2 protein chains.
Amino acid sequence: MTALELAQCQLGSQIQLARGEHLFQMGAEADGELYFVRSGHLKIYQPCDDGVQRIIDFTRPGDWLGVDTIGEQYRHASAHALTDCQVDVVQYRHLAELMDEEPYSCDLFSAMLSREIDRQQLAAAILRSAGACQRIVMFLLQRAGPAPQAPMLETHAPLPMSRQDISDYLGLTPATVSRTLSSLKRNGWISLGQRGFVVQSRPALERLAAGAPLAIAPQAA
Amino acid sequence: MTALELAQCQLGSQIQLARGEHLFQMGAEADGELYFVRSGHLKIYQPCDDGVQRIIDFTRPGDWLGVDTIGEQYRHASAHALTDCQVDVVQYRHLAELMDEEPYSCDLFSAMLSREIDRQQLAAAILRSAGACQRIVMFLLQRAGPAPQAPMLETHAPLPMSRQDISDYLGLTPATVSRTLSSLKRNGWISLGQRGFVVQSRPALERLAAGAPLAIAPQAA
DNA sequence: CGGGCCCTTGATATGAGTCAAGGGTGGTGG
DNA sequence: CCACCACCCTTGACTCATATCAAGGGCCCG
């Protein structure tokens, strides 16, 4: 991964995206371009026929984009900036050349694609088996990242997408997402800010993610 | 793809699996082995804690297995033969060497992984947005493959997995799957055999897959 | 021929969706 | 700088699809 980062340091040009701009649109020429997100958040979605959009994924800094379109001519989805973003553009052709020269870069790239497959399989598994509350809590824990060193000090995690986007991504409705978040807040597990949240009891959330039921509105912890 | 097939022709050893055998188990050493299914059907699943198993995927002849574990030490899932199978074993290391020598083989491999990512994204999108009937019909259409040349001649498609497996894969219950299949049969869209089915009205199924509602038990076509 | 397992089917329960109204927040224009 | 407006978020009541529970039947295997 380090090598890959270095790779795109040298090979890629950089673009700035303002909130609301598109990195690419579904159906556009892919041109063998991959993207590496340096900062900011994007959503990947397919504009569905009836105006509704199907959210495929949200990116975080350090993610790659466009890896589902290697060897394909046209983009399968659109990428929309939820915040201002810095994105590196990397030609797949350049990576391929690098892979010819550097012996291990090919392994790194394959491993990256492989991890992406695994990530998608995990997401699908969650959609198959988990209920609304479980999905939402898992989503929050993913966004919050790994537990901080000092257990008392929980960090503020950004949540730059709309409830509609979240619900679409999780296969739910905005109403259900809102209700569940409110419940979590009422119980004191999390607190909600404008465009972010804070985990206040990671153990409780992990219990919920593991399948524990969520009481509707009791005060107890 | 042709090149990849050729590749594993020369590089891989072949194994025979009898129905019920495992190709590999979750947690086993991956050893950088990939698999190419020549014939037969397998299911990929994760043995969940409570004995229930989470179906990740079903393979068909021509599919690759283990591509989610490149660069990982241990398997993330188990592969179980639903029928007798012929599987080619390919060392990732050998593929990597091939990629160093043959200029385009690297592109083919990347494209294969990329398609796999896309496949998983599509599966997740279906789980997010489609109801029970839609999921089942899409599943059947996938299994049936592309429409045959002679529209009248619909072929018999195998369905070697149990209802439990299907329902788990689609995020439903065996009861719902059974009910829906019965409805489809009653309406004359499909016919069901022991371990397979026949599409009798592909247009009707495609309407359903596109979102048309399924009447409960009318006789009309 | 007998037994177990899976599939089918019915009745009922429940989680999530739908519809709808009210409130907060951010953005825009005066 | 303030006020208005639009959009999104929240919350409630109700509906509906799908899960659950349970019983009966058929197929395959021993």
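The structure displayed is predicted, hence computed values, not measured ones. What you see below is based on every heavy atom in this structure, not just the backbone, and it leaves out hydrogens, waters and symmetry mates. Every chain is numbered from 1 and lettered A, B, ... according to where its sequence line falls, protein lines coming before strand lines.
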Expressed as a whole number of angstroms, how long is the span from [X]:[atom1] to [N]:[atom2]?
X      : N      : atom1 : atom2 : result
B:Q134 : C:dG17 : CD    : P     : 15 Å
B:L181 : C:dC6  : CG    : C1'   : 14 Å
B:K185 : C:dC7  : NZ    : P     : 13 Å
A:L127 : C:dA16 : CG    : P     : 13 Å
B:D168 : C:dC7  : CG    : P     : 13 Å
A:R186 : D:dT10 : CZ    : P     : 11 Å
A:I136 : D:dC9  : CD1   : P     : 13 Å

Exercise. Quick one: is the NZ or CZ of A:R75 closer than 6.0 Å to the six-membered ring centre of A:F24, and within 45° of its axis?
Worked result: yes
Exercise. Under the side chain to side chain donor-acceptor pair (under 3.5 Å) rule, what pairs show up with a residue in residues 131-153 of chain A, not counting sequence neighbours?
Worked result: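 Matches after skipping sequence neighbours: A:H41-A:R143.
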Residue list, side-chain contact (heavy atoms from CB on, under 4.5 Å) with [X], at least two apart or on another chain:
X      : answer
A:E29  : A:D31, A:Q73, A:Y74
A:T176 : A:A132, A:T173, A:T180
A:R195 : A:R19

Problem set entry | Ion pair check, B:R54 and B:D168, cut-off under 4.0 Å | no
Seminar exercise, completed: Minimal heavy-atom distance between B:F139 and B:L170, with the atoms involved, is CB-CD2, 4.0 Å
For this session: Any chance you could list the contact pattern along nucleotides 16-30 of chain D? Use B for base contacts, S for sugar-phosphate-only contacts and - for none, protein heavy atoms under 4.0 Å, 5' to 3'.
Result: --SSB--------S-
Exercise. Out of A:L205, A:V137, A:V198, which residue meets the side-chain contact (heavy atoms from CB on, under 4.5 Å) rule with A:I190?
Worked result: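 Only one of A:L205, A:V137, A:V198 forms a side-chain contact (heavy atoms from CB on, under 4.5 Å) with A:I190, namely A:L205.
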For this session: Anything under 30° is parallel, anything over 60° is perpendicular, the rest tilted; go ahead and classify B:F36 against B:W64.
Result: perpendicular
For this session: Taking only heavy atoms on the protein side, list every residue of residues 156-166 of chain A lying under 4.0 Å from any atom of DNA chain C, sorted numerically.
Result: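 Going residue by residue through residues 156-166 of chain A, none turns out to have a heavy atom under 4.0 Å of DNA chain C.
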Exercise. Within the pair A:S182 and D:dT11, is there a side-chain N or O less than 4.0 Å away from OP1 or OP2?
Worked result: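 Yes.
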